[in-house]
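Quick notes on the structure that follows.
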Amino acid sequence: MFRLLRGIICYTALVYLFIAHGKHIQKWLVGFLFFYGASSITTIWYENGTMASISMILNFLAFLMLLWYIIPKINLKNLTKKFTLLFVLMMLVNGYLFIQLIELMKDMILNYTQYLFMILSAFCGILLAFLALFYNHYFNSKLSMSFMLLVFLIIFAEIFRGIAYYDLGYSIAFVYVARILFVGSLYTLVHFSFFDLKTKRF
């Protein structure tokens with residue numbers, strides 16, 4: 001039921017934003033909610049190898065929508081040595097932790113495509129985390145801080161959802177943590193969308 005509710009919540013938020021923003025609704029936001037909601041709904045049949053692969057592909061596409069928003073706002077000329085070092089450390093440490101987490105799930109993963117897109121989504125999450133940190137550090141505004149919060153809520157919601165689903169430990173507690181973070185991330189996304197449009201107008 002929660003797998004279905006995740007999708008319903010995503011599409012409810014999307015319909016609300018269509019009504020609220022009309023033709024001004026951000027394309028990346030439509031793409032994110034559409035793919036994220038579809039990914040959530042397809043997890044109803046996650047025990048089927050084909051549907052599990054489709055779910056992970058849709059999840060990866062949702063992450064790409066967030067990159068679509070943030071990448072044009074990043075100017076690599078402003079990338080200092082300190083942030084370059086931070087990026088390398090994040091890639092090494094978080095990449096290692098993500099791979100270790102996925103390795104724990106490996107025996108329960110149904111096929112190579114699912115595994116591949118889990119890896120791609122993980123590294124996409126690491127890149128998003130770095131870009132969100134850099135974006136907030138450089139602009140240091142309510143908008144940049146809101147986006148950074150959005151990204152980290154989504155990443156941690158995904159991590160706790162994976163731990164709970166694959167029963168890697170304290171699964172019941174992590175189910176509720178994942179749910180709270182998921183709802184918090186969508187609340188932040190809706191709030192951010194209004195803030196983003198307001199900033200563009202002024």
Side-chain angles (χ1 to χ4, degrees), residues 5-43 53-79 83 87 90-91 94 98 116-159 161 178 181-202:
L5 281 175
R6 281 175 61 93
I8 291 173
I9 292 169
C10 283
Y11 288 128
T12 301
L14 182 57
V15 170
Y16 169 72
L17 291 175
F18 263 119
I19 294 169
H21 296 331
K23 65 181 181 180
H24 300 293
I25 191 169
Q26 301 96 319
K27 292 182 177 65
W28 67 270
L29 190 148
V30 174
F32 173 76
L33 286 173
F34 174 79
F35 289 123
Y36 206 52
S39 173
S40 297
I41 290 172
T42 51
T43 58
S53 297
I54 291 171
S55 178
M56 290 312 305
I57 291 169
L58 290 168
N59 200 68
F60 174 66
L61 291 173
F63 273 31
L64 289 183
M65 294 299 104
L66 295 176
L67 286 174
W68 180 13
Y69 171 80
I70 192 64
I71 284 177
K73 301 185 181 303
I74 301 297
N75 186 347
L76 292 179
K77 291 179 181 178
N78 300 319
L79 190 63
F83 260 89
F87 175 68
M90 281 185 68
M91 288 296 290
N94 292 326
F98 267 122
L116 173 64
F117 279 92
M118 285 179 80
I119 294 286
L120 289 174
S121 294
F123 280 103
C124 195
I126 295 169
L127 180 59
L128 271 170
F130 169 75
L131 293 176
L133 284 169
F134 178 65
Y135 178 52
N136 185 58
H137 174 78
Y138 185 72
F139 289 98
N140 194 23
S141 65
K142 291 181 179 178
L143 183 68
S144 62
M145 188 170 291
S146 181
F147 184 80
M148 183 178 70
L149 177 62
L150 167 65
V151 167
F152 278 93
L153 282 171
I154 290 170
I155 289 172
F156 281 105
E158 288 292 305
I159 291 171
R161 181 169 67 136
L181 291 171
F182 170 70
V183 172
S185 68
L186 285 195
Y187 173 82
T188 305
L189 178 68
V190 171
H191 174 74
F192 176 80
S193 72
F194 283 94
F195 203 20
D196 186 46
L197 281 181
K198 184 179 179 181
T199 304
K200 286 178 181 176
R201 287 172 184 168
F202 293 99

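The CG atom of L61 lies 6.0 Å from the CG atom of L58; values are rounded to the nearest 0.5 Å. To the nearest 0.5 Å, atoms CG (L64) and CG (N59) are separated by 10.0 Å. Atom CD1 of I154 sits about 12.0 Å away from atom CD1 of I159, to the nearest 0.5 Å. Summarising the geometry, atom CE belonging to M118 is positioned 9.5 Å from atom CD belonging to E158; distances are rounded to the nearest 0.5 Å. Atom OG of residue S185 and atom CD1 of residue I155 lie 11.0 Å apart, to the nearest 0.5 angstrom. Rounding to the nearest 0.5 Å gives a distance of 7.0 Å between CZ of F63 and CG of L66.
At a threshold of 4.5 Å between non-hydrogen side-chain atoms, the residues L33 and L17 count as touching. Using a 4.5 Å cut-off on side-chain heavy atoms (C-beta onward), Q26 and F32 make no contact. Proximity of F117 to L120: side-chain heavy atoms (C-beta onward) are separated by under 4.5 Å at one or more points. For the pair M148/Y135, no side-chain contact is recorded, criterion being any heavy-atom separation below 4.5 Å from C-beta on. Looking at heavy atoms from C-beta onward, L150 lies out of side-chain contact with Y187 at the 4.5 angstrom threshold. Counting heavy atoms from C-beta outward, R6 and Y36 have side chains that approach closer than 4.5 Å.
Under a 3.5 Å cut-off, the side chain of Y69 and the backbone N or O of K27 do not form any donor-acceptor pair. When atom types are taken as modelled, the side chain of S39 and the backbone of F35 share no donor-acceptor pair closer than 3.5 angstrom. Under the 3.5 Å distance criterion, the side-chain polar atoms of S146 are left unmatched by any main-chain donor or acceptor of K142.
The side chain to side chain donor-acceptor pair (under 3.5 Å) search around S141 returns S144, not counting sequence neighbours. For T43, the side chain to side chain donor-acceptor pair (under 3.5 Å) criterion is met by no residue, not counting sequence neighbours. S53 meets the side chain to side chain donor-acceptor pair (under 3.5 Å) test with N111; sequence neighbours excluded.
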Please determine whether side-chain contact (heavy atoms from CB on, under 4.5 Å) holds for the pair F192 and L29, giving the CA-CA distance in whole Å, both sets of side-chain angles, and the decisive distance to 0.1 Å.
CA-CA 10 Å; F192 176 80; L29 190 148; 5.8 Å; no
side-chain contact (heavy atoms from CB on, under 4.5 Å) between I41 and I8, worked out:
CA-CA 8 Å; I41 290 172; I8 291 173; 5.8 Å; no
Using the side-chain hydrogen bond (donor to acceptor under 3.5 Å, both in side chains) rule, take S193 and H21 through it: C-alpha gap first, then chi angles, then the decisive distance, then the call.
CA-CA 9 Å; S193 72; H21 296 331; 3.1 Å; yes
Residue pair L131, L128: steps toward the side-chain contact (heavy atoms from CB on, under 4.5 Å) verdict
CA-CA 5 Å; L131 293 176; L128 271 170; 5.5 Å; no
What's the verdict on side-chain contact (heavy atoms from CB on, under 4.5 Å) for F182 and L5, showing C-alpha distance, side-chain angles and the deciding distance?
CA-CA 11 Å; F182 170 70; L5 281 175; over 6 Å; no
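Closest approach of L14 and F34 over heavy atoms only: CD2-N, 4.4 Å. Residues A157 and A178 share a closest heavy-atom pair of O-CB, 3.8 Å. Residues G7 and S40 come closest through the heavy atom pair N-CB, 3.5 Å.
The aromatic rings of W28 and F147 sit perpendicular, their planes meeting at an angle over 60°, well past the 30° parallel limit. F195 and H191 have tilted rings, their planes meeting at an angle from 30° to 60° on a 0 to 90° scale. Using cut-offs of 30° and 60° for the angle between ring planes, the Y16 and F194 rings count as tilted.
Other residues, nucleotides and ligands place no more than 12 heavy atoms under 6.0 Å from the CZ atom of F156.
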